[in-house]
There are 2 protein chains.
Amino acid sequence: MKKEHKHLTSFKSHLDQQYGQRGTIIREEYEEGFEAFKLGAMLQELRKEQGLTQEQLALKCGTTKTYISRIENNASDIRLSTLMRIIHEGLGGHLKFKVDILLK
Amino acid sequence: MKKEHKHLTSFKSHLDQQYGQRGTIIREEYEEGFEAFKLGAMLQELRKEQGLTQEQLALKCGTTKTYISRIENNASDIRLSTLMRIIHEGLGGHLKFKVDILLK
DNA sequence: CAAAATGTTACCTAATTAGCTAACTTTGAT
DNA sequence: ATCAAAGTTAGCTAATTAGGTAACATTTTG
């Protein structure tokens with residue numbers, strides 16, 4: 001059974017536009033409308049962009065490939081501190097929030 | 001002892017620019033650079049914008065003022081599902097993520 | 001095809017959040 | 001100053017995550 005996520009928007013397409021400045025440090029922004037089932041896909045794509053296996057990512061942020069797999073497949077809820085750790089230490093990234101509100 | 005958070009950027013200033021279209025439904029975006037100690041401040045400000053007490057907010061999202069207080073004061077880590085519930089059901093908002101990564 | 005690497009699932013345990021109640025404190029209004 | 005409302009803190013318990021190991025499945029490589 002194919003388990004690869006079907007992404008609603010491709011991160012790669014964003015990246016591809018930037019590859020002209022190859023060799024320099026490039027700041028990329030990834031943004032997804034948030035729903036629970038998308039978080040795993042987002043993390044998986046970020047990991048693959050960096051050419052990391054689940055096990056390599058796990059090592060960098062002090063957990064196991066087992067756990068990374070569960071998160072990527074949305075098999076479990078996740079604490080904010082853990083999500084931050086994966087993004088900071090594992091992916092070298094920085095997490096931000098955005099909250100949209102409808103005002104009356 | 002004063003406990004009110006000192007916000008690094010004011011949400012209100014965003015809001016004030018929009019008040020011309022009073023009476024219509026306005027879509028507002030709130031964004032904060034994320035660090036753990038800012039999340040509580042962010043939620044507190046969003047709550048106050050809507051004129052809600054901790055207890056009123058708690059009722060809307062099925063928890064207690066005790067818990068809301070703990071979160072606003074960053075006294076505890078929080079699960080993603082719980083954060084979503086507070087933002088959706090309590091504040092009528094929508095949560096998004098953004099991840100910045102430095103590419104080599 | 002076979003072997004190796006990568007990813008998924010199952011099970012158990014320990015640590016932590018979330019829910020609940022009650023007491024205490026601070027703030028705001030009269 | 002007093003009273004009421006709002007917010008904070010302290011226990012305790014139940015539910016869930018996170019960590020660990022092992023077995024299984026899938027994908028990739030030779």
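Chain letters run A, B, ... following the sequence lines, proteins first, then strands; residues in each count from 1. These figures come from a predicted structure and were not determined experimentally.
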By salt bridge (charged side-chain N to carboxylate O under 4.0 Å, His left out) - contacts of A:Arg79 (at least two apart): none
Once side-chain hydrogen bond (donor to acceptor under 3.5 Å, both in side chains) is applied, do any residues pair with A:Arg47, and if so which ones, sequence neighbours excluded? A:Glu72
C:dT8 phosphate, OP1 or OP2, under 4.0 Å from A:Asn73 side-chain N/O: yes
Base, sugar-phosphate or nothing for B:Thr63? Non-hydrogen atoms, less than 4.0 Å. sugar-phosphate
With sequence neighbours excluded, tell me which residues meet side-chain contact (heavy atoms from CB on, under 4.5 Å) with A:Thr63. A:Ala58, A:Cys61, A:Tyr67, A:Ile68, A:Arg85
Protein-nucleotides 14-17 of chain C N/O pairs under 3.5 Å:
residue: C:dT16; atom: O4'; partner: A:Arg79; partner atom: NH2; Å: 3.3
residue: C:dT17; atom: OP1; partner: B:Asp77; partner atom: N; Å: 2.9

Kindly indicate whether the side chain of B:Ile71, heavy atoms from C-beta on, has any atom under 4.5 Å from the side chain of B:Leu83. no
Residues at least two apart in sequence or cross-chain that pass side-chain hydrogen bond (donor to acceptor under 3.5 Å, both in side chains) with B:Ser81, listed by chain then number, are A:Asp77
With sequence neighbours left out, what residues match B:Lys65 under side-chain contact (heavy atoms from CB on, under 4.5 Å)? B:Gln54, B:Glu55
How many whole angstroms separate atom CD of A:Glu55 from atom P of C:dA4? 16 Å
Nearest whole angstrom, please: distance from the P of C:dT6 to the NZ of A:Lys48. 13 Å
Whole-Å distance between C:dG7 P and A:Ile71 CD1? 15 Å
Phosphate OP1/OP2 of C:dG19: any B:Arg85 side-chain N/O under 4.0 Å: yes
What's the CG-C1' distance between B:Leu59 and D:dA6, to the nearest Å? 14 Å
I want to check one thing: is the phosphate of C:dG7, taken as OP1 and OP2, less than 4.0 Å away from some side-chain N or O of A:Ser69? no
